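Working notes for the structure below.
Note on naming: letters A, B, ... go to the chains in the order of the sequence lines (proteins, then strands), and numbering restarts at 1 for each one. Predicted model, so just to flag it, every value in this text is computed and none were measured.
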2 protein chains.
Amino acid sequence: MTASEKHPPQIAELIERLSRLPGLGSKSATRLALYFLGRDEDEVRSLARALMAVKEEISFCSQCHNYTHDDPCPICANPERDRGQICVVETPADLLAIETSGLYRGLYHVLGGVLSPLGGIGPGDLHIDDLVARLEGGALAGEPVREVLLATGSSPEAETTLSYLVDRLRDKGAAVTRLARGLPVGVDLEYVDGGTLRQALEYRRQA
Amino acid sequence: MTASEKHPPQIAELIERLSRLPGLGSKSATRLALYFLGRDEDEVRSLARALMAVKEEISFCSQCHNYTHDDPCPICANPERDRGQICVVETPADLLAIETSGLYRGLYHVLGGVLSPLGGIGPGDLHIDDLVARLEGGALAGEPVREVLLATGSSPEAETTLSYLVDRLRDKGAAVTRLARGLPVGVDLEYVDGGTLRQALEYRRQA
């Protein structure tokens, strides 16, 4: 029995659309749809409006390519941020993770993904030329970028992207750094996978 | 740092609304909001419309109180359903679980919850008078209800509701039955809780 046989078409349609969202299967989509049916119409309308507002009123920062309402975004426009540091991340979600840590006070640059030859994503599909231009522009404007911190992930594609960026950013006058690899917090060594252990050994330092 | 400090207000608002939904915490709400930002505007608009459609176009069946577009609902209107059986459930989601099993071909009656003295939910807040009226109305119309199957859950409140219903439905000319209690499928006896084991012993029958 499909959703459209069990439910009125309006409910089947909502379940179908909800079940396409990341992290929601057909069971949780059904539960959510029935939840909406039981809520006030005003509450559901507010959610529907909030959904449309993010699409209609949010765009990209022309400098760092993060999502923003104003251009440049509040981080790029903030005079208290260190303009000599650019942290390069794959996605807005990654930027958010670093912002939430409160450990970084420089600027950002969102690539918009990683290189993926199999997925048909080449350097031209990411904001890489823009990153190079920011380094060169900063040098011309007398505000040179001292450091580009490559805060990409540790998937194979991310590692490939990192290597490519290291090549592209060479000789631009800025130090190019990358996040450390090693043991995450709170693990027993016996449960650590071989790749992580190899990295932790390779990156070991004076205790 | 709150969502509104980290995000443009439109995104913070969407995250806040999404995180109120059942089963979504602030992390999954943030992930969903960023997911919507990356999708086509048409796709997000379709979801927003589907949300509103369930509120604007779906109401309750005047007979069984299930959600429906047409009144009476397709189940109540189906001439092939057995009109001599009424299965009483707490919620539309419970009705759906029984429909999906394909094991029942009678009619339904959705109570809209369970009695809860602490939660301030009394008999007048549930569709109980309507259920009694359906039994009396059926008898008058010459289509008597043979059986009322009380398919409520096994929480303490549901058991209280069941006892109350048994009292109210006495002497209405219909057999009043309840779902069996016992072992669920696929458990080892050593892991079964004491309450379930007690019920399984109490409800035992000739093998």
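- Ranked by heavy-atom pairs shorter than 4.5 Å toward chain A, the options B:Ser28, B:Ala48, B:Cys73 are led by B:Ala48.
- Of the atoms belonging to A:Asp70, not a single heavy atom falls under 4.5 Å from chain B.
- With a 6.0 Å radius and a threshold of 12 heavy atoms from other residues, nucleotides or ligands, A:Glu43 has its CD atom above the threshold.
- Take B:Arg49 and apply the side chain to side chain donor-acceptor pair (under 3.5 Å) test, not counting sequence neighbours, and it matches no residue.
- Contacts between B:Tyr35 and chain A at a heavy-atom distance below 4.5 Å involve the side chain alone, from C-beta outward.
- For the set B:Leu51, B:Leu34, B:Leu37, B:Thr30, the count of heavy-atom pairs under 4.5 angstrom toward chain A peaks at B:Leu37.
- Highest contact tally toward chain A, considering only B:Ser46, B:Gly38, B:Ala33, is held by B:Ser46 [criterion: heavy-atom pairs under 4.5 Å].
- Closest approach of B:Glu13 and A:Ala50 over heavy atoms only: CG-CB, 3.9 Å.
- Of residues 52-63 of chain B, those residues with a non-hydrogen atom less than 4.5 Å from any non-hydrogen atom of chain A are, in numerical order, B:Met52, B:Ala53, B:Val54, B:Lys55, B:Glu56, B:Glu57, B:Ile58.
- Of the atoms belonging to A:Leu32, it is side-chain heavy atoms, and not backbone ones, that fall under 4.5 Å from chain B.
- Highest contact tally toward chain A, considering only B:Arg45, B:Arg31, B:Arg20, is held by B:Arg45 [criterion: heavy-atom pairs under 4.5 Å].
- Neither the backbone nor the side chain of B:Asn66 comes within less than 4.5 Å of any heavy atom in chain A.
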